[in-house]
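This report refers to the structure that appears directly beneath it.
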Amino acid sequence: MSAVQELFSILLNGLQLGAIFALLGIGLTIILGTMNFLNLAHGALYLIGAYAGMLTMRVVTLRTGILQDYGFTELGLGWGFLAALVIVPTIGFIVGVLMERYVAKPFYKRPHTDQLLVTFGLALVVEELVKQVIGGNTFQSTSPDTLFGLQVSGPIQLPIVGAFPRWRLIIILIAFIVIGLTWLFMEKTDWGMIVKAGTLDSEMVSLLGIRIGRSYALVFGLGAALAAFAGLIGATFETVRPQIGTQRALVPAFLVLVVGGAGSIRGAIVGGVILGTVLAGFQQTFSQWGQIAMYALVALVLVVRPQGVFGSVEVEE
Amino acid sequence: MSTEAEEGGTVGGIDISDSVLIAGNAVALFLLPWVLIDVFGMVGEVIDIAVGGYSGLPSLIIIYGIVVIGYNLLLGYTGMLSFGHAAFFGTGAYVAGVVSGTTGSPLVMILAGTVVATLIAWPIGWISIRRTGVYFAVITLTFGQMLYFWALGPGAWLTNGDDGFSSVQTGQLLGTFELGAPVVGGIEFLSVYTWEYLMIATLAIVALWTANRILNSPYGLIFEALGQNQQRVSFVGLDVSRYKLMAFIISAVFAGAGGALFIIHESYIHPNTAYYWIQSGDFVIMTVLGGAGSLVGPVFGAFIFEYVANVISGVSLPVIGSIGSLWRIVLGGVFVVIIWAFPKGIYPGMRDAVIWIVDRVRNRGGEQG
């Protein structure tokens with residue numbers, strides 16, 4: 001593989017990893033920016049999305065868990081990817097709204113550390129519940145063969161890069177469409193305007209007669225839906241097991257948050273792509289050092305530019 | 001404010017001296033294996049559910065107890081939430097393990113593990129304390145995770161990577177006492193009191209005494225003041241970052257010693273138990289569960305955590321069946337409730353309840369008299 005080819009391949013893989021990081025980071029950052037709430041259960045939303053996606057897309061055979069004890073050996077709808085594309089974010093949104101109402105709200109006035117701790121406990125509970133009910137074993141990833149009659153599986157010949165998995169290109173495409181829609185929603189609609197205004201001065205927004213509580217629920221639901229969507233995407237190319245929430249989603253989401261800057265959607269996108277590219281680059285060259293390099297980069301950003309690449313203010317401490 | 005300042009050297013609002021503290025905890029540490037194994041075991045026989053501890057459990061509880069006594073100095077007093085203390089625990093363990101290849105003396109292993117953990121805490125702390133709040137939590141987490149992935153991959157020549165480090169050759173204590181042997185041989189009842197337990201319990205008392213001394217010194221008062229209002233501390237003219245760094249390093253000393261004891265006790269360590277961030281999270285849970293900001297509260301938290309993890313997880317109930325790995329749900333649920341309802345933790349909560357009852361009784365006595 002020539003150097004140029006290697007570079008482009010790294011950039012593509014980086015975009016794909018980065019898209020998922022960005023989806024996670026955006027959810028976390030808008031929740032933090034709007035409600036000043038730190039959600040360590042964000043990984044649990046990814047986990048819920050991954051399982052909901054897997055079970056919508058196909059029927060899986062259960063090997064362990066409570067459901068299996070009660071005689072259920074098969075679980076899932078088998079409706080395919082397009083159905084999951086609608087169902088999973090909806091589930092995420094509903095879970096998010098409920099979380100805002102019953103978990104986050106009582107903690108808005110409490111210190112950040114309390115928020116971190118209570119959501120950390122919640123994350124562990126969700127992970128264990130999934131393990132107990134559906135089973136602790138690893139499920140294979142599922143990706144569709146065709147979408148709208150077009151083939152989406154198998155490799156595709158790209159200029160310069162050469163053979164590249166077609167599905168990964170589709171992932172990049174879908175993820176960036178969703179990211180773009182989120183950005184448009186937050187920047188160009190009245191709803192987004194209220195949310196942003198609420199970030200700056202929530203008291204003033206309520207004084208103007210706007211129900212700020214509703215936009216809180218909306219933002220939390222949106223962030224959760226994005227995390228669930230990231231889980232769905234993840235389930236199409238990575239294995240699914242109960243630990244993925246804390247292993248693959250939660251920590252990257254926080255890294256994206258600090259690199260991009262709290263409360264900044266643009267920062268989360270750029271931060272996600274930067275981290276994804278660094279990770280992809282090291283994984284293809286010095287694979288053992290990939291994760292270490294990513295964490296080192298985050299530590300460096302925290303030291304040199306604590307407000308993140310695009311953040312203007314630090315989170316209130 | 002006044003009640004918070006009293007904490008550390010007081011139990012139930014009564015001042016206690018060092019000697020009382022040491023004697024009291026020595027008695028508690030002596031009773032722990034007996035209560036855990038014999039008393040709980042008897043209860044288990046009566047109710048026909050195995051709730052008794054096994055012989056290694058008291059040591060494990062105290063080892064984690066030592067770690068969280070130190071961790072609490074950081075979280076409970078200065079209010080800095082670190083999600084990376086596994087870095088020092090794991091380093092203490094690996095260094096002690098590696099040293100055991102040269103000399104098996106347990107004291108040398110503990111010393112080496114503690115010293116190296118302290119040495120790496122210096123630069124990590126120096127960088128991390130530049131940030132506060134969430135940023136501090138994330139930056140400590142990144143250091144812990146860097147070590148985790150190092151131990152799994154590039155550092156495998158030293159740590160044996162994903163297979164775990166098992167070549168631990170712990171020798172005799174002071175060259176004469178076999179760690180696994182009981183201190184007083186021949187008596188069945190005393191068989192759980194091994195030299196290893198004696199060593200760990202002694203170190204726990206040293207740890208408690210040290211923490212108590214620190215907290216009751218002017219230095220420790222500054223730690224507490226930092227937790228309450230950092231800005232005011234700097235207005236008084238004190239160098240805030242110096243005290244924060246010291247709090248960080250001191251807590252790492254305890255974590256390193258705990259890690260070294262852990263590998264002596266278990267003779268095995270894996271990157272997941274050594275460095276993974278969930279391990280750091282477990283320290284947080286133990287501390288907060290027991291009661292951050294009270295001297296012995298976190299040890300109580302370590303007891304509950306390890307008891308639930310090791311004993312309750314094996315319990316089989318009549319209706320529900322085996323609890324097995326449900327223990328994390330139970331613990332996570334308890335933790336959520338504690339944060340929600342009793343932010344001060346179980347131990348201070350119970351203490352407040354006792355004080356409340358005592359006050360009630362006294363007041364009633366006063367009315368009658």
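Keep in mind it's a predicted model, so treat the numbers as computed, not measured. Residue numbering restarts at 1 for every chain, and letters A, B, ... go by the order of the sequence lines. All values below were derived from every heavy atom in this structure, side-chain atoms included, with hydrogens, water molecules and symmetry-related copies excluded.
- For Leu147(B), no part sits under 4.5 Å from any heavy atom of chain A, backbone or side chain.
- Crowding of Arg266(A) atom CZ: a count of heavy atoms from other residues, nucleotides or ligands under 6.0 Å not exceeding 12.
- At a heavy-atom separation below 4.5 angstrom, chain A is approached by Tyr276(B), Trp277(B), Ile278(B) within residues 269-280 of chain B.
- Counted within 6.0 Å of CZ on Phe282(A), heavy atoms from surrounding residues, nucleotides or ligands total 12 or fewer; the atom is thus considered open.
- The parts of Leu302(A) that come within reach of chain B are both its backbone and its side chain, each placing non-hydrogen atoms under 4.5 angstrom from that chain.
- Within 6.0 Å of the OH atom in Tyr108(A), the count of heavy atoms belonging to other residues, nucleotides or ligands exceeds 12.
- Options Gly153(B), Pro154(B), Ala156(B) differ in how many heavy-atom pairs under 4.5 Å they form with chain A, and the most are formed by Pro154(B).
- Val336(B) touches chain A through backbone and side chain together, each having a heavy atom under 4.5 Å away.
- Residue Phe83(B) touches chain A through its side chain alone, counting heavy-atom pairs closer than 4.5 Å.
- Among Val251(A), Val301(A), Val298(A), Leu255(A), the residue with the largest count of heavy-atom pairs under 4.5 Å with chain B is Val251(A).
- Applying the salt bridge (charged side-chain N to carboxylate O under 4.0 Å, His left out) test to every pair with at least one member in residues 20-43 of chain A, sequence neighbours left out, gives no pairs at all.
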- Item | Derivation of the side chain to side chain contact (heavy atoms under 4.5 Å, CB included) call for Thr142(B) and Val258(A) | CA-CA 11 Å; Thr142(B) 63; Val258(A) 295; over 6 Å; no
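- Taking chain B as the reference chain and counting heavy-atom pairs below 4.5 Å, the highest number among Val103(A), Thr246(A), Thr119(A), Leu129(A) is found for Thr246(A).
- Heavy-atom minimum distance, Ile292(A) versus Phe149(B): CG1-CB, 3.7 Å.
- At a 4.5 Å heavy-atom cutoff, the contact between Phe107(A) and chain B is made by side-chain atoms alone.
- If you tally non-hydrogen atom pairs under 4.5 Å between each of Leu117(A), Val125(A), Val118(A) and chain B, the highest count goes to Leu117(A).
- Residues Ala299(A) and Phe143(B) come closest through the heavy atom pair CB-CZ, 4.3 Å.
- Proximity of the aromatic rings of Tyr135(B) and Phe254(A) is defined here by a centroid distance below 6.0 angstrom, and this criterion is not met.
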